[in-house]
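One structure below.
Any value given below was found using the heavy atoms of this structure, including those in side chains, with hydrogens, waters and symmetry copies removed. Residue numbers start at 1 and run along the sequence shown.
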Amino acid sequence: MTAREIFFLNLVDQLNRQPSGSLPGVRISELGSAAGMSKPAISQLVRVLEKKGLIRRSTDRKDRRVILVCLSQSGARQLEQSTRSCQSMINQITEKLGPEDTAELRRLFNRIRLILCEKDGDACHKE
């Protein structure tokens, strides 16, 4: 899987976990907005991931024009495996950095996140 595909699977997973209603999936338009991608780009990525068996696409029962996307079982497993691998790599890096440099790295990442949130006009919360 590419980094872009992992990012997208994570985004689908996160948006599906938000209490936004009773829909069994996330709207493609919502994915496009969250990912900052155009509708054609999102549609192409959804087709690729669906072909790979990583996501499922369905239509909303109330509005057949609405396309909903959710992770397949295979997609959920792949995302979990990628998350574990990434966490392992982060643990190895922070172990080598030591506590002081790790704290500085966290501070800088938080600062970058806040700058990006301000740039995009998002309502990000300080952590």
Side-chain angles (χ1 to χ4, degrees):
M1 268 194 325
T2 67
R4 181 179 180 195
E5 291 171 346
I6 294 168
F7 167 80
F8 191 76
L9 291 180
N10 188 55
L11 183 61
V12 170
D13 186 51
Q14 293 303 312
L15 290 174
N16 272 305
R17 291 174 188 261
Q18 291 182 359
S20 60
S22 59
L23 295 177
V26 61
R27 294 171 185 252
I28 286 188
S29 58
E30 187 179 353
L31 283 169
S33 295
M37 296 171 69
S38 67
K39 185 171 171 123
I42 281 288
S43 295
Q44 180 183 10
L45 185 54
V46 165
R47 275 193 302 277
V48 167
L49 293 175
E50 187 177 32
K51 252 185 196 176
K52 290 182 175 185
L54 300 173
I55 60 171
R56 289 191 333 256
R57 187 182 351 195
S58 61
T59 54
D60 184 5
R61 284 182 242 139
K62 294 179 184 173
D63 186 348
R64 306 291 291 166
R65 298 170 297 172
V66 175
I67 304 294
L68 302 171
V69 176
C70 64
L71 294 181
S72 66
Q73 287 182 343
S74 176
R77 280 193 305 272
Q78 289 278 357
L79 180 60
E80 185 178 322
Q81 181 181 0
S82 294
T83 301
R84 279 195 311 268
S85 294
C86 184
Q87 187 60 53
S88 175
M89 184 173 41
I90 290 170
N91 290 344
Q92 290 172 16
I93 291 168
T94 56
E95 187 176 300
K96 289 183 180 187
L97 284 175
E100 190 175 301
D101 287 342
T102 298
E104 179 66 7
L105 182 62
R106 278 196 183 114
R107 186 188 70 74
L108 290 171
F109 274 134
N110 281 327
R111 183 148 184 229
I112 290 167
R113 181 182 59 82
L114 289 172
I115 290 168
L116 292 173
C117 289
E118 288 171 8
K119 175 186 161 288
D120 292 340
D122 288 344
C124 296
H125 304 285
K126 286 190 176 185
E127 293 181 10

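At a threshold of 4.5 Å between non-hydrogen side-chain atoms, the residues L79 and T83 count as touching. Side-chain contact between V69 and I28: present, with at least one pair of heavy atoms (C-beta onward) separated by less than 4.5 Å.
Atom CG of L114 and atom CZ of F109 lie 13.5 Å apart (nearest 0.5 Å). Distance check: Q78 CD to L49 CG gives 10.5 Å after rounding to the nearest 0.5 Å. Note that CG of L71 is 8.0 Å distant from CD1 of I55, once rounded to the nearest 0.5 Å. From R56, atom CZ reaches atom OG of S72 across 7.0 Å, with rounding to the nearest 0.5 Å.
Note on M37: it does not cluster hydrophobically with V48, by side-chain heavy-atom contacts below 4.5 Å among ILVMFWY residues.
Residues passing the side-chain hydrogen bond (donor to acceptor under 3.5 Å, both in side chains) test with S29, sequence neighbours excluded: none. Shown here are the side-chain contact (heavy atoms from CB on, under 4.5 Å) partners of T59, two or more places apart in sequence or in another chain: R64, I67. Judged as a salt bridge (charged side-chain N to carboxylate O under 4.0 Å, His left out), and not counting sequence neighbours, R61 has no contacts. Residues that satisfy the salt bridge (charged side-chain N to carboxylate O under 4.0 Å, His left out) test with R65, not counting sequence neighbours, are D63. Checked against salt bridge (charged side-chain N to carboxylate O under 4.0 Å, His left out), K52 has the following partners two or more places apart in sequence or in another chain: E5. Residues satisfying the side-chain hydrogen bond (donor to acceptor under 3.5 Å, both in side chains) test with Q81, not counting sequence neighbours, are none. For E80, the side-chain hydrogen bond (donor to acceptor under 3.5 Å, both in side chains) partners are R84, not counting sequence neighbours. In this view, R111 satisfies the side-chain hydrogen bond (donor to acceptor under 3.5 Å, both in side chains) rule with no residue, not counting sequence neighbours. By the salt bridge (charged side-chain N to carboxylate O under 4.0 Å, His left out) test, R57 pairs with E50, sequence neighbours left out.
Between G32 and I42, the shortest heavy-atom contact is CA-CG1, 3.5 Å. The shortest heavy-atom contact between C70 and G25 is CB-CA, 4.3 Å. The two residues S82 and M1 have their closest heavy-atom pair at OG-CE, 3.5 Å.
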Anything under 3.5 Å between a donor and an acceptor, one on a side chain of residues 86-93, the other on a protein residue two or more places apart or in another chain? List them.
from : atom 1 : to  : atom 2 : distance (Å)
Q87  : NE2    : N91 : OD1    : 2.9
N91  : ND2    : Q87 : O      : 3.4

Ignoring hydrogens and angles, write down the donor-acceptor pairs under 3.5 Å from the side chains of residues 8-15, residues two or more places apart or on other chains.
from : atom 1 : to  : atom 2 : distance (Å)
D13  : OD1    : R17 : NE     : 3.2
D13  : OD1    : R17 : NH2    : 3.4
D13  : OD2    : R17 : NE     : 3.0
D13  : OD2    : R17 : NH2    : 3.3

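Legend: side-chain hydrogen bond (donor to acceptor under 3.5 Å, both in side chains) pairs involving residues 36-48, not counting sequence neighbours: none detected.
For the pair D60 (side chain) and V66 (backbone), a donor-acceptor distance under 3.5 Å is absent.
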